[in-house]
Amino acid sequence: MEESSKVMQEQRMNLFVTLWAKRKILLIVTSIGLVVSTLTAFLMTPLYRSTAIVFPAATSTVSFSEQRNAKASSMDFGEEEQAEQLIQILQSSKVRDKVVQQFDLIKHYDIDPSDANKHYKLVKEYDSHILFVRTRYGSIQIDVLDKDPQLAADMANKIVDLIDTVKNEMVMERTIPAFQINKRKKEMLETERDAILKQLDSLAGLGVVPLESRANLFQAYVEAKGAEDKADYKARIDINLKYGALFDGLEYERNEKIMKLSDFNQSYEQAESDANTQFNHKFIVERAVVADKKDKPKRLIIMLLSTFGTFVFMVFLLLVQDKIREIRKLS
């Protein structure tokens, strides 16, 4: 145990002696590292951060059902599932392309339009300057970094506005065809109902009456005193005997169509609302403002880390060099 302690103490002394012997070169290289890191830090373009915060909405539709879920209120905040969906939309090319086009980011990021890899470089720059994070409170934080503080704020607020635009476009890709199908179905039911009503009107014009009124014709025939009245009732009875069954069948079909239309109207109104309403899919907690202080680079941290890294690297290099020299002497 004592021998091990002595060996460790001897090694520490050897390390100290080696570093002291090489103190000049260690100091020179570390100083060079400090100067280089300082120049690099001050040559880096300062970036300003603008932040916007939004909450996803729990629902993006107006429900016409009387048994709608209590969680489907337009006043409810979204939960984890809605937040993850919203982040996916924010990271989509639909949002990115609109931002790139409006703010001419290809030019702003100094990307050559004729470069074969311009799309790759653009996406890389975009992803490094625009970040979407779900906070522990369930909200979405939108961070935009840019050398122009005003542009950073404008881009962050534009992305907030694009949430509704892009999601409505995506939703309408499904709701408009669904509404058109519902509309055609409604028109078909109305056409069938109107055709039945037209037939019923024609039969009523011939003198056909509903079933409950038909029995009165026989009683009226029996009670008729004049021959002319009896002949009239006899003709009306014959018409009802001939077309009564058809009239009853049409009445049944009419009632069925009316009930179907009544039930279908709720589905139609829901589809019409989903297809034609521009919904708001978010709650804006905080809009971005123009930053008055740079966010990056952290010059002092860069200088300290670079200088410390240079010092550690030189220590390691000197120890390796000293060890190699010892091995050569032994061999």
Side-chain angles (χ1 to χ4, degrees), residues 46-65 68-105 108-109 122-123 125-176 270 272-296:
L47 297 177
Y48 297 85
R49 183 189 299 268
S50 285
T51 300
I53 299 175
V54 299
F55 265 101
T59 181
S60 299
T61 184
V62 176
S63 176
F64 288 85
S65 173
R68 72 178 191 175
N69 193 304
K71 285 286 185 183
S73 170
S74 59
M75 297 182 292
D76 290 337
F77 287 80
E79 299 181 356
E80 182 177 355
E81 181 181 356
Q82 287 80 19
E84 294 294 340
Q85 291 172 353
L86 186 54
I87 288 180
Q88 199 67 43
I89 291 172
L90 287 168
Q91 292 175 338
S92 69
S93 60
K94 292 178 181 290
V95 173
R96 182 178 64 241
D97 291 346
K98 291 180 184 295
V99 174
V100 168
Q101 183 178 4
Q102 176 160 344
F103 295 98
D104 196 10
L105 293 186
H108 183 69
Y109 291 148
L122 175 63
V123 172
E125 287 288 335
Y126 183 91
D127 290 342
S128 65
H129 286 80
I130 300 176
L131 308 171
F132 308 106
V133 180
R134 186 168 70 87
T135 69
R136 61 195 178 109
Y137 305 107
S139 61
I140 307 299
Q141 181 173 309
I142 303 168
D143 290 323
V144 178
L145 292 163
D146 200 86
K147 59 186 178 182
D148 182 350
Q150 181 63 57
L151 183 63
D154 291 343
M155 288 173 64
N157 288 324
K158 181 60 180 178
I159 290 171
V160 170
D161 295 335
L162 283 174
I163 292 173
D164 294 334
T165 303
V166 172
K167 191 167 183 180
N168 281 326
E169 287 177 357
M170 296 171 65
V171 168
M172 285 184 177
E173 288 178 3
R174 291 178 55 84
T175 57
I176 289 178
Q270 183 71 66
E272 184 180 33
S273 172
D274 292 344
N276 297 323
T277 306
Q278 297 289 322
F279 292 106
N280 191 322
H281 303 277
K282 67 189 181 301
F283 296 94
I284 301 176
V285 179
E286 181 181 336
R287 279 198 172 271
V289 297
V290 179
D292 53 8
K293 185 179 179 181
K294 68 178 179 63
D295 184 75
K296 292 182 178 181

Asker: Show the nearest heavy-atom pair for residues V290 and S50, with the distance to one decimal.
Answerer: CA-OG, 4.4 Å

Asker: Decide side chain to side chain contact (heavy atoms under 4.5 Å, CB included) for V99 and L162; before the verdict, give the C-alpha distance in whole Å, the side-chain angles of both, and the deciding distance to 0.1 Å.
Answerer: CA-CA 9 Å; V99 174; L162 283 174; 3.6 Å; yes

Asker: Is it true that the side chains of D97 and Q101 contain a donor and an acceptor less than 3.5 Å apart?
Answerer: no

Asker: Determine whether V285 and F55 make a side-chain contact, defined as any pair of heavy atoms from C-beta on separated by less than 4.5 Å.
Answerer: yes

Asker: State, yes or no, whether a side-chain contact exists between I284 and R287 at a heavy-atom distance under 4.5 Å.
Answerer: yes

Asker: Identify which one of K94, K98, R174 satisfies the salt bridge (charged side-chain N to carboxylate O under 4.0 Å, His left out) criterion when paired with E169.
Answerer: K98

Asker: Taking all atoms of both residues into account, what is the closest heavy-atom pair of G138 and P56, and its distance?
Answerer: O-CD, 3.9 Å

Asker: Is it true that atom OH of Y126 has more than 12 heavy atoms of other residues, nucleotides or ligands lying nearer than 6.0 Å?
Answerer: yes

Asker: Within this structure, what is the CD1-NZ distance for the pair I163 and K158, rounded to the nearest 0.5 Å?
Answerer: 12.0 Å

Asker: Considering residues, nucleotides and ligands other than D104, do more than 12 of their heavy atoms fall under 6.0 Å from its CG?
Answerer: yes

Asker: With rounding to the nearest 0.5 Å, note down the distance linking CG in D146 to CG in L151.
Answerer: 4.5 Å

Asker: Ignoring hydrogens and geometry, is there a side-chain-to-backbone donor-acceptor pair from S139 to T135 under 3.5 Å?
Answerer: no

Asker: Of all the heavy-atom pairs spanning Q91 and R96, show the shortest one and how long it is.
Answerer: O-NH1, 4.2 Å

Asker: Does L145 reach the side chain of I130, with side-chain heavy atoms less than 4.5 Å apart?
Answerer: no

Asker: For residues A57 and F283, report the shortest heavy-atom separation together with the two atoms involved.
Answerer: CA-CE1, 3.8 Å

Asker: Is any side-chain heavy atom of H129 less than 4.5 Å from a side-chain heavy atom of Y109?
Answerer: yes

Asker: Find the distance between CD (Q102) and CG (D161) and round it off to the nearest 0.5 Å.
Answerer: 9.0 Å

Asker: Would you call R134-E84 a salt bridge at under 4.0 Å N-O?
Answerer: yes

Asker: For T51, check side chain to side chain donor-acceptor pair (under 3.5 Å) against everything at least two apart and list the hits.
Answerer: D143

Asker: So do the side chains of F103 and D154 get within less than 4.5 Å of each other, counting heavy atoms only?
Answerer: yes

Asker: Where is the tightest heavy-atom contact between K282 and V160, given as atom of each residue plus distance?
Answerer: CE-O, 3.1 Å

Asker: Using every non-hydrogen atom in the two residues, find where I87 and V133 come nearest and quote the distance to one decimal.
Answerer: CD1-C, 4.3 Å

Asker: Do H108 and D148 meet the criterion of a side-chain donor-acceptor pair at a distance under 3.5 Å?
Answerer: no

Asker: Just wondering, do I159 and L90 contact through their side chains at under 4.5 Å, heavy atoms?
Answerer: yes

Asker: With a 4.5 Å limit on heavy-atom distance, are the side chains of L131 and Q141 in contact?
Answerer: no

